[in-house]
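These notes concern the structure reproduced below.
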Amino acid sequence: AQSVAQPEDQVNVAEGNPLTVKCTYSVSGNPYLFWYVQYPNRGLQFLLKYITGDNLVKGSYGFEAEFNKSQTSFHLKKPSALVSDSALYFCAAYNFNKFYFGSGTKLNVKP
Amino acid sequence: DSGVTQTPKHLITATGQRVTLRCSPRSGDLSVYWYQQSLDQGLQFLIQYYNGEERAKGNILERFSAQQFPDLHSELNLSSLELGDSALYFCASSGGDSRQETQYFGPGTRLLVL
């Protein structure tokens, strides 16, 4: 079965420290990969996407993601976390006309 | 503000009933996507319409149906509602049909089935 996994339900990091939110996928072919963020009582907001090309993708709000084909991973990263980054993050894959979402990772950035 | 609007914001109904959720895409966007977000199932893709035609289908139950009208707004119809249908329903829109397109999400409709 096709799926996207986010192995951590929650990630805690101190403000100013680097953060990583992990994502691995099991989707056949060469899926497009996405990261979305969801703030409380809000819809999802697009952060970045990988289609092809450079394995390091830069996105909104200083986030970037690293695509690793051999490990089928697409981890979200940020060099210096902000308290305002605290939210729910979703990884998604798109292939063959279907979207597959991970279960979400709650990021807590403490001052 | 993404430019995508959804009505109503909240909906409370009883089991066995039927409801209609409405989505207006961003101006100029031709694709509309519907998603269901629930505690136990997470975020699931339901269906996509492009310029009035069904384009892709995900985990949408037979009790659910959708359509996109000539003015490009979309409606998601949920019938014979069950307790498990309680969830947040999002729609999103994008400019075209390509899977490369960035999707812009609406604020969601929170459905509670009692």
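In what follows, chains are A, B, ... by sequence order, proteins preceding strands, each numbered from 1. Because the structure is predicted, anything quoted here is derived from the model rather than measured.
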### Task
Only counting residues at least two apart or in another chain, list the ones meeting side-chain hydrogen bond (donor to acceptor under 3.5 Å, both in side chains) with A:Glu64.
A:Lys58
### Query
Do A:Phe101 and B:Tyr35 make the cut of ring centroids closer than 6.0 angstrom?
yes
Hydrophobic clustering (ILVMFWY, side-chain heavy atoms < 4.5 Å, transitive) - are [Y] and [X] grouped together?
X	Y	answer
A:Tyr25	A:Tyr50	yes
B:Leu43	A:Tyr39	no
B:Tyr50	B:Ile47	no
A:Phe34	A:Val27	no
A:Val37	A:Leu44	no

### Contacting moiety of B:Gln37, where chain A heavy atoms sit under 4.5 Å
side chain
### Those residues of residues 103-114 of chain B, ordered by number, that approach chain A below 4.5 Å (heavy atom to heavy atom)
B:Gln103, B:Phe105, B:Gly106, B:Pro107, B:Arg110
### Task
Using the side-chain hydrogen bond (donor to acceptor under 3.5 Å, both in side chains) rule, collect all pairs that involve residues 102-111 of chain A, keeping only residues at least two apart or in two chains.
A:Gln6-A:Thr105, A:Asn12-A:Asn108
### A:Gln10 CD: over 12 foreign heavy atoms closer than 6.0 Å
yes
### Message
Using a 4.5 Å heavy-atom cutoff, which residues in residues 66-91 of chain A come close to chain B?
### Response
A:Leu88, A:Phe90
#### Entry: Closest contact, heavy atoms only, B:Gln48 versus A:Tyr94
OE1-OH, 4.1 Å
### Query
Can you find a pair of side-chain heavy atoms, one from A:Lys98 and one from B:Lys57, that are under 4.5 Å apart?
no
### Message
Between A:Tyr36 and chain B, with a heavy-atom cut-off of 4.5 Å, which part of the residue counts as in contact: side chain, backbone, both or neither?
### Response
side chain
